Number of protein chains: 2
Amino acid sequence: MPQKTTEIDALLTPAEVAVMFRVDAKTVNRWAQRGLIPHVWTLGGHRRYPEKAVRELLARDITRREA
Amino acid sequence: MPQKTTEIDALLTPAEVAVMFRVDAKTVNRWAQRGLIPHVWTLGGHRRYPEKAVRELLARDITRREA
DNA sequence: AAGCAATCGGGTAATTAGGGCG
DNA sequence: TCTGTCCTAATTACCCGATTGC
């Protein structure tokens, strides 16, 4: 078990998320702006995406198709 | 061991799959709707197809014609 | 401090989904 | 039954200059 009780979710860059969904990084940002993906901000105003949440969104659509 | 335990399958766009099968993108769309091809959804409702699965379907159709 | 890749924004073309038709 | 084409609306991709990350 490489993790402690306090789970810290790794953060992904827009480019990394874009590769996972096979879309452009700009598209990922549009999803974030619409509130479709949780994200945090760097102090300089760049977005970072929790890996866990991204994977869930990616796997969700495979099985079902609910918004 | 050429493979890692966590392999991330690349995704193909509808147009790319259409070219591979030499059909129209809409036909690929219909195959997906019938559940004949596994696929993932972008958050905007566009489909993305796992490259591995597509290649397997292509190879299968070349050799035989079952079901 | 300096260099380079990445990520902001916006704006405009290109794809895609879906329905219906032949 | 299966596929290709036409249509509209929505989503996505590529363009730029400027800022940020490392």
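Everything numeric here is computed off the predicted structure, so don't read it as measured data. Protein chains get the first letters and strands the later ones, always in sequence-line order, with residue 1 at the start of each.
The shortest distance between the side-chain N/O atoms of A:Arg47 and the OP1/OP2 oxygens of C:dG9 is below 4.0 Å. A sub-4.0 Å separation between OP1 or OP2 of C:dA6 and a side-chain N or O of A:Thr13 is absent. Using a 4.0 Å cut-off, no side-chain N or O of B:Thr42 falls inside it from OP1 or OP2 of D:dT11. Neither OP1 nor OP2 of C:dA17 sits under 4.0 Å from any side-chain N or O of B:Trp41.
Across all strands shown, C:dC21 pairs with D:dG4; the Watson-Crick or G-U wobble distances both stay below 3.5 Å.
Note: CH2 (B:Trp31) to C1' (C:dA17) measures 17 Å, nearest angstrom. With rounding to whole Å, B:Leu36 atom CG is found 14 Å from D:dT1 atom P. As rounded to whole Å, 8 Å separates atom P of D:dT12 from atom CZ of B:Arg48. In this structure, CZ of B:Arg22 is placed 14 Å from P of D:dT3, rounded to the nearest angstrom. Atom CG in B:Leu43 sits about 16 Å away from atom C1' in C:dA17, given to the nearest Å. In this structure, the CZ atom of A:Phe21 is 22 Å from the P atom of C:dT15, given to the nearest Å.
Nearest-nucleotide assignment on DNA chain D puts the 5′-proximal partner with B:Arg34, out of A:Ala25 and B:Arg34. Projected onto DNA chain D by closest heavy-atom contact, B:Thr27 and A:Asp24 fall at different nucleotides, the more 5' of which corresponds to B:Thr27. Between A:Gly45 and B:Asn29, the residue whose closest nucleotide on DNA chain C is further toward the 5' end is A:Gly45.
The side-chain heavy atoms of B:Thr42 and B:Arg48, taken from C-beta on, include a pair separated by under 4.5 Å.
Here A:Arg55 pairs with A:Glu51 in a salt bridge; the nearest charged N to carboxylate O distance falls below 4.0 Å. Salt-bridge annotation for B:Glu16 and A:Arg22: present, with a side-chain N of the basic residue lying under 4.0 Å from a carboxylate O of the acidic one.
Remark: the B:Lys26 side chain and the C:dG19 base include a donor-acceptor N/O pair separated by less than 3.5 Å. Between the base of D:dG4 and the side chain of B:Arg30 there is a donor-acceptor pair shorter than 3.5 Å.
Using a 3.5 Å distance cut-off with no hydrogens or angles, the side chains of A:Asp9 and A:Tyr49 do not pair a donor with an acceptor.
B:Gln33 comes within 4.0 angstrom of sugar-phosphate atoms only, judged by non-hydrogen atoms across all strands, and of no base.
Cluster annotation: A:Val28 is not connected to A:Leu11 through the hydrophobic network of ILVMFWY side chains, with a link wherever side-chain heavy atoms come within less than 4.5 Å.
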